[in-house]
Amino acid sequence: ADVKARVACFMIVLTALLPAVQGQLPVPNQRQLEFMEMETIQFMHFSVDTSWHPPQSFLHGENPTYHNCDEKNTGVSHDNQTGEYWPCLNPEIFNPSEIDVDQWMEASAALGMKEICLTAKHQGGFALWPSNHTNYSVRQSLHFKEGQGDVLRLFSDAANRWNIGICYYINPLDDGYLALVQKVSAEEFMARQKGMLQEVLTHYGPVHRLWFDGAGIMRPQSLQTPEQYKKYYDECFALVRHVSPNTLLSPYRGDVCASIGSLYTNDGPAANSTDSDECTAASESGAYFHPSEMHGVTMQEGPDGNTDAMPTYWFWHPWACAFNITGCPWVGHANASRIFDSYIVTVGRGATLNMNIPPERTGRMNVSVKQVMMEAGKAINDTFKVSVANTGAASGACKEGLVTLDIPSGSVFDYVVSMEDLKMGQRIANYSIEYQSPGDDTWKMLVPPAQPPKKNLGDRPDGHDPRDSHIGHKRIDLPIVNITTGTNKVEVAHIRLNCIRALEEPVYIRSFSVHKKTVPWEQ
């Protein structure tokens, strides 16, 4: 009996150490579920770059987008805007004299943003707080509150008042000032970056997420290649996990992976680990779960500020002239319709939309931008917070008629919204939606199953990208038949969701609903 007991105990321990057996899907942790639930979050590029007055030759160039400490960018200014900090910008030009972070929060909340990711330290190295680990921060901005300014203190306090999640862009692999101006050693560079990370996590939180950009080049030569910086980057991950264990790391490594579709599983690295390797490509056979993040549309991009084209203006541009079809000096910005459409093709394809909307040089949101944010937020709420018809959770085998929804007589709708319950992992791999007309038992196609795409979704899909096949957190589909107005309008009495292929059964549906597009620009 003792032998049997010891064998049984050994088998239990062995089972715990073995990888999950085939058929056990990876599941998200609670923080990943909460990230997907936010759906809309905001990037906010705001730094010394915002205060730069570039020469006309730069503004009329092909890509007048600000990148601090780049010789061909801010380095084109050989004046007091750079001075002894060349090719970086002089911190004394940073003076958001009318800064109003509550106005930021008001505009963001109106658009439905659940998190704001502020560039605490962008690639040039300028810190928006008085850091003790660099001489390139608001402490050197003597015109901003006489060198006593602290943007992160204002930001974090306001975000907590407004119940908006705190995220910081602070990439420990990029710091133009320390690498190019001070030319510090690799050891000193690493120590200072870790010191700044600890300051932000300790004093300006709680930090919901950190946004570590791709591996740029603004660091010492001995840290240029992945083989050279891997150990150091792992140490940064370990520091975050220790100091602030609830902080998510993203978007190319860590807990969230910038993706090109609605499939969340890949071959790692695992979430909540100290492995800083890049996210692998999405795969249905992947062993790890990572939510998807997409940029969608930025507030200012393209020749007129409202086009899915280059250049992309990350920092606020009050004027720019590259291929500008509207003429100088106003570059313009996205309208509410474009933001609404971006929501459909990002959130509506399973991703979390991370839209860049920065403040002006004064430290306030542009009045016109704020109005657009309010208009777009109302349109999204009016359309998707209210349903024409809906049904709650359902589960079962992958089959036709997994969920059936009755449509009130005479009702019309523009969108069908399907949500998968992901707590048990992502399971539905392809689906279709059919409808019945009143008095007709025949099921006809409303949303066809997705075909293998010829190309992947882009980071900023424009609506013409191919539709992929997984449901994920949320899928917003447009019917292929006219059910709204006109002589060819089709009456709909019932719709049903068909599961065509599943990665594992049973499958779990969180909700299934139809919605009428309610937007002011079409009324």
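One-based numbering along the sequence shown.
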Atom pair CG/CD of Asn171 and Gln193 - distance to nearest 0.5 Å: 8.5 Å
Rounded distance [0.5 Å steps], CD1 in Ile217 versus CG in Leu173: 12.5 Å
Main chain of [Y], side chain of [X]: is a donor-acceptor contact present, judged purely on distance under 3.5 Å?
X: Glu522; Y: Val519; result: no
X: Thr383; Y: Thr518; result: yes
X: Thr40; Y: Gly112; result: yes

In terms of side-chain heavy atoms, does [X] have a donor or acceptor partner in [Y] at a distance below 3.5 Å?
X: Ser97; Y: Asn95; result: no
X: Glu360; Y: Asn366; result: yes
X: Glu39; Y: Tyr343; result: yes
X: Thr134; Y: Arg192; result: no

Positive for side-chain contact (heavy atoms from CB on, under 4.5 Å) with Leu89, one of Tyr66, Phe126, Tyr136: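 Among Tyr66, Phe126, Tyr136, the one meeting side-chain contact (heavy atoms from CB on, under 4.5 Å) with Leu89 is Tyr136.
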side-chain contact (heavy atoms from CB on, under 4.5 Å) evaluation trace for Cys69 with Gln123: CA-CA 8 Å; Cys69 300; Gln123 64 182 34; over 6 Å; no
Audit row: Asn63, Met310, side-chain contact (heavy atoms from CB on, under 4.5 Å) steps and yes/no: CA-CA 7 Å; Asn63 188 14; Met310 293 292 288; 3.9 Å; yes
Suppose we screen for ring-ring contact (aromatic ring centres under 6.0 Å, His included). Which residues come up paired with [X], at least two apart in sequence or across chains?
X: Phe144; result: Phe94
X: Tyr252; result: Trp211
X: Phe315; result: His45, His122
X: His78; result: Trp86

Aromatic plane relationship, Phe189 with Tyr232 - under 30° parallel, 30 to 60° tilted, over 60° perpendicular: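 Tyr232 vs Phe189 ring planes: perpendicular.
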Plane angle bin for Tyr233 and Tyr229 - parallel if under 30°, tilted between 30 and 60°, otherwise perpendicular: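 Geometry flag for Tyr233 against Tyr229: perpendicular rings.
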Give me each pair satisfying salt bridge (Lys or Arg N to Asp or Glu O under 4.0 Å) with a member in [range], each pair once, sequence neighbours excluded.
range: residues 228-241; result: Lys194-Glu235, Lys230-Asp234, Lys230-Asp275, Lys230-Asp277, Lys231-Glu235, Arg241-Asp255
range: residues 129-140; result: none
range: residues 85-107; result: Asp100-Arg364, Asp102-Arg161, Glu106-Lys370

Check against salt bridge (Lys or Arg N to Asp or Glu O under 4.0 Å), Glu293 and Arg209: CA-CA 13 Å; Glu293 173 191 332; Arg209 190 164 64 110; 2.9 Å; yes
Working for ring pair (Phe, Tyr, Trp, His ring centres under 6.0 Å), residues Trp314 and His295: CA-CA 11 Å; Trp314 297 111; His295 280 121; 5.5 Å; yes
For [X] against [Y], the heavy-atom pair lying closest together:
X: Asn160; Y: Gly205; value: ND2-O, 3.2 Å
X: Thr82; Y: Ser77; value: OG1-O, 2.7 Å
X: Gln224; Y: Arg219; value: NE2-O, 2.9 Å
X: Ser108; Y: Ile116; value: OG-CD1, 3.4 Å
X: Phe35; Y: His208; value: CD1-CE1, 4.4 Å
X: Thr74; Y: Cys88; value: OG1-CA, 4.4 Å

Report yes if the side chains of [X] and [Y] come closer than 4.5 Å at any heavy-atom pair, otherwise no.
X: Gln32; Y: Val256; value: no
X: Gln42; Y: Glu115; value: no
X: Ile41; Y: Met38; value: yes
X: Tyr177; Y: Pro91; value: no

With Thr202 via side chain to side chain contact (heavy atoms under 4.5 Å, CB included) - residues at least two apart: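 Thr202 satisfies side chain to side chain contact (heavy atoms under 4.5 Å, CB included) with Gln198, Val243 only.
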Residues forming a side chain to side chain donor-acceptor pair (under 3.5 Å) with Tyr169, sequence neighbours excluded: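 Partners of Tyr169 under the side chain to side chain donor-acceptor pair (under 3.5 Å) test: Asp213.
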Residues that Thr50 engages under side chain to side chain donor-acceptor pair (under 3.5 Å), provided they are two or more places apart: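 Applying side chain to side chain donor-acceptor pair (under 3.5 Å) to Thr50 gives none.
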Where at least one partner belongs to residues 133-165, residue pairs that pass disulfide (SG to SG under 2.5 Å), sequence neighbours excluded: none
Qualifying disulfide (SG to SG under 2.5 Å) pairs with a residue from residues 111-173, counting only residues at least two apart or across chains: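 Counting only pairs at least two positions apart or across chains, the disulfide (SG to SG under 2.5 Å) contacts touching residues 111-173 are Cys117-Cys167.
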Arg338 with Glu301: basic N within carboxylate O range, under 4.0 Å: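 Counted as a salt bridge, because a side-chain N and a carboxylate O are separated by less than 4.0 Å.
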Tyr168 vs Trp129, ring pair (Phe, Tyr, Trp, His ring centres under 6.0 Å): CA-CA, chis, key distance, verdict: CA-CA 12 Å; Tyr168 295 121; Trp129 75 102; 7.9 Å; no
Sub-6.0 Å ring centroid separation between Phe384 and His515: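 Yes, the ring centres sit under 6.0 Å apart.
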